**Q** 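Pasting a structure here, questions to come.
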Amino acid sequence: NIRLVPHLNSPRSLVFSVIEKDVANGTMLKMGRFTDKYMSPTRITFKSKVVSRGHAEIWAENNKFYIRDTKSSSGTFLNQARLSPPNQESRAFQLSHGDIVQLGVDYQGGAEEIYRCVKMRIELNCNRIEKRNAYSLSTFQTLRNLTTPPNNLSLLDTAMGYDGDAKATTAPIDECCICLYAIAPLQALFVAPCSHTFHYKCVRPLLSNHPGFLCPLCRSYADLEASVAIETSEVIQ
């Protein structure tokens, strides 16, 4: 399994939808500026004009992933190192979890999105099945205490399996990791999908790549416009 997520290292980083593929040994993924006419499950298309039509390839071999440049004009970079000179095919380079791959270079400073290079972080063999863990439940409980009317707390406590009196006396006070002040009632808060919580005024400068968001604590990437269609009954199951 390979997952390509936008690498947001500047306000002008190109944001694209997260790409996740299950890749069998011997399967080749081709990356480039393909047209809709040639769409296929093994082609990854980017609309940027600094990406060549056939730019690079990623494939699996013996349960390891490799990348090579396929004679692109603007280059393929692995952790900032260019794989080959212009219009020359590179040798194969093994990919590791957390590597940064860049396709092309910004044209005219990347002032227009169509002329920005594509930077992505590689995530390999990650189990993306999202489960409620102790940390996410703790965050949910903290925000519940801050925002839920008192007459509704007992119902949620019962559904979530909490002892309301015990939690009220032992729950720690969370802090915003940006300003280091407390998370408290009557504040505008931002909760990332990874469950890290910040004051909205503190995190707002990090939202310049909307809808892409990179958590400053755990470096997890999130799509802030991902579907939120979930029923109340599913939350308290």
Side-chain angles (χ1 to χ4, degrees), residues 1-36 38-126 206 208-209 211-216 218-223:
N1 177 274
I2 186 169
R3 192 168 183 258
L4 311 178
V5 304
H7 179 56
L8 307 181
N9 65 338
S10 78
R12 288 185 174 177
S13 296
L14 183 68
V15 177
F16 56 87
S17 298
V18 173
I19 299 165
E20 188 166 3
K21 301 279 189 181
D22 290 321
V23 183
N25 284 325
T27 300
M28 185 79 67
L29 299 178
K30 297 180 181 293
M31 298 189 293
R33 185 163 43 87
F34 305 113
T35 63
D36 294 340
Y38 298 102
M39 295 296 289
S40 78
T42 58
R43 288 192 171 185
I44 299 174
T45 301
F46 297 103
K47 300 298 184 182
S48 172
K49 289 189 175 181
V50 304
V51 175
S52 298
R53 295 189 182 279
H55 199 106
E57 297 173 335
I58 292 178
W59 71 96
E61 183 178 320
N62 297 323
N63 297 317
K64 296 179 180 178
F65 284 91
Y66 297 87
I67 188 173
R68 67 170 165 239
D69 184 287
T70 52
K71 301 182 180 180
S72 73
S73 58
S74 54
T76 301
F77 301 79
L78 178 59
N79 300 320
Q80 300 184 346
R82 187 163 183 163
L83 303 188
S84 63
N87 305 310
Q88 292 186 27
E89 185 171 299
S90 73
R91 66 177 178 86
F93 291 82
Q94 185 177 338
L95 291 171
S96 300
H97 181 78
D99 279 347
I100 304 300
V101 170
Q102 175 179 327
L103 306 181
V105 294
D106 287 346
Y107 176 69
Q108 294 182 343
E112 295 183 53
E113 185 172 301
I114 196 68
Y115 295 118
R116 294 176 189 172
C117 66
V118 179
K119 295 182 182 179
M120 64 193 83
R121 188 176 77 249
I122 306 296
E123 297 182 358
L124 301 179
N125 302 318
C126 292
L206 303 181
S208 58
N209 290 301
F213 174 73
L214 191 66
C215 177
C218 65
R219 311 302 293 172
S220 294
Y221 175 83
D223 178 359

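The shown structure was predicted, so the numbers you read here are calculated from the model rather than taken from an experiment. Computation of the quantities below employed the complete heavy-atom set of this structure, encompassing side-chain atoms and omitting hydrogens, waters and symmetry-equivalent molecules. The first residue in the sequence is number 1, and the count goes up from there.
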**Q** To the nearest 0.5 Å, what is the distance between OG1 (Thr27) and CD1 (Ile2)?
**A** 12.0 Å

**Q** Looking only at atom types and distance, does a side-chain atom of His7 sit under 3.5 Å from a main-chain N or O of Leu14, one as donor and one as acceptor?
**A** no

**Q** Holding to salt bridge (Lys or Arg N to Asp or Glu O under 4.0 Å), I want the full list of residues that pass it with Arg121, two or more places apart in sequence or in another chain.
**A** Glu123

**Q** Would you say the side chain of Glu61 lies within less than 4.5 Å of the side chain of Tyr66, judging by non-hydrogen atoms?
**A** yes

**Q** Exactly one of Val118, Ile114, Leu103 should register a side chain to side chain contact (heavy atoms under 4.5 Å, CB included) with Ser48. Which one does?
**A** Val118

**Q** Tell me, with the steps shown, if Asp106 and Val50 meet side-chain contact (heavy atoms from CB on, under 4.5 Å).
**A** CA-CA 7 Å; Asp106 287 346; Val50 304; 5.8 Å; no

**Q** Side chains of Asn125 and Asn1: do they bring a donor and an acceptor to under 3.5 Å?
**A** no

**Q** Sub-3.5 Å donor-acceptor pair from the side chain of Ser72 to the main-chain atoms of Ser52, do we have one?
**A** no

**Q** For residues Thr76 and Asp69, is any side-chain donor paired with an opposing acceptor at under 3.5 Å?
**A** yes

**Q** Taking all non-hydrogen atoms of both residues into account, name the closest pair between Arg68 and Met28 and its distance.
**A** NH2-CE, 3.6 Å

**Q** Side chains of Phe93 and Val101, heavy atoms from C-beta outward: is any pair under 4.5 Å?
**A** no

**Q** Is Asn25 atom CG crowded by more than 12 heavy atoms from other residues, nucleotides or ligands, each under 6.0 Å away?
**A** yes

**Q** Crowded around Lys21 NZ? As in, over 12 foreign heavy atoms under 6.0 Å?
**A** yes

**Q** Just wondering, do Ile100 and Gln80 contact through their side chains at under 4.5 Å, heavy atoms?
**A** no

**Q** Before giving the answer on side-chain contact (heavy atoms from CB on, under 4.5 Å), spell out for Val18 and Leu4 the whole-Å C-alpha distance, their side-chain angles and the decisive distance to 0.1 Å.
**A** CA-CA 6 Å; Val18 173; Leu4 311 178; over 6 Å; no

**Q** Could you report the tightest heavy-atom contact between Ser74 and Gly104, atom names first, then the distance?
**A** OG-CA, 3.3 Å

**Q** Taking the side chain as everything from C-beta on, heavy atoms only, tell me whether His55 gets closer than 4.5 Å to Arg33.
**A** no

**Q** Assign the ring pair Phe16 / Phe46 to parallel, tilted or perpendicular, where the plane angle (0 to 90°) is split at 30° and 60°.
**A** perpendicular

**Q** With side chains defined as the heavy atoms from C-beta onward, is the minimum distance between Phe77 and Lys119 less than 4.5 Å?
**A** no

**Q** Say you draw a straight line from OG1 of Thr70 to CG of Asn87; how long is it, rounded to the nearest 0.5 Å?
**A** 11.0 Å

**Q** Supply the atom-to-atom distance Leu95 CG to Ile67 CD1, rounded to the nearest 0.5 angstrom.
**A** 5.5 Å

**Q** Enter the distance from Leu124:CG to Ser96:OG here, rounded to the nearest 0.5 Å.
**A** 7.5 Å

**Q** Any heavy-atom pair between the side chains of Trp59 and Val23 that's under 4.5 Å?
**A** no

**Q** Rounded to the nearest 0.5 Å, how far does CG of Leu83 lie from CD of Gln102?
**A** 10.5 Å

**Q** Would you compute the distance between atom CE of Met31 and atom CZ of Arg43 and round it to the nearest 0.5 angstrom?
**A** 13.5 Å

**Q** Can you sort out the partners of Lys30 under salt bridge (Lys or Arg N to Asp or Glu O under 4.0 Å), two or more places apart, ordered by chain and number?
**A** Glu57

**Q** Restricting to non-hydrogen atoms, name the atom on Val15 and the atom on Pro211 that form the minimum distance, rounded to 0.1 Å.
**A** CG1-CD, 4.3 Å

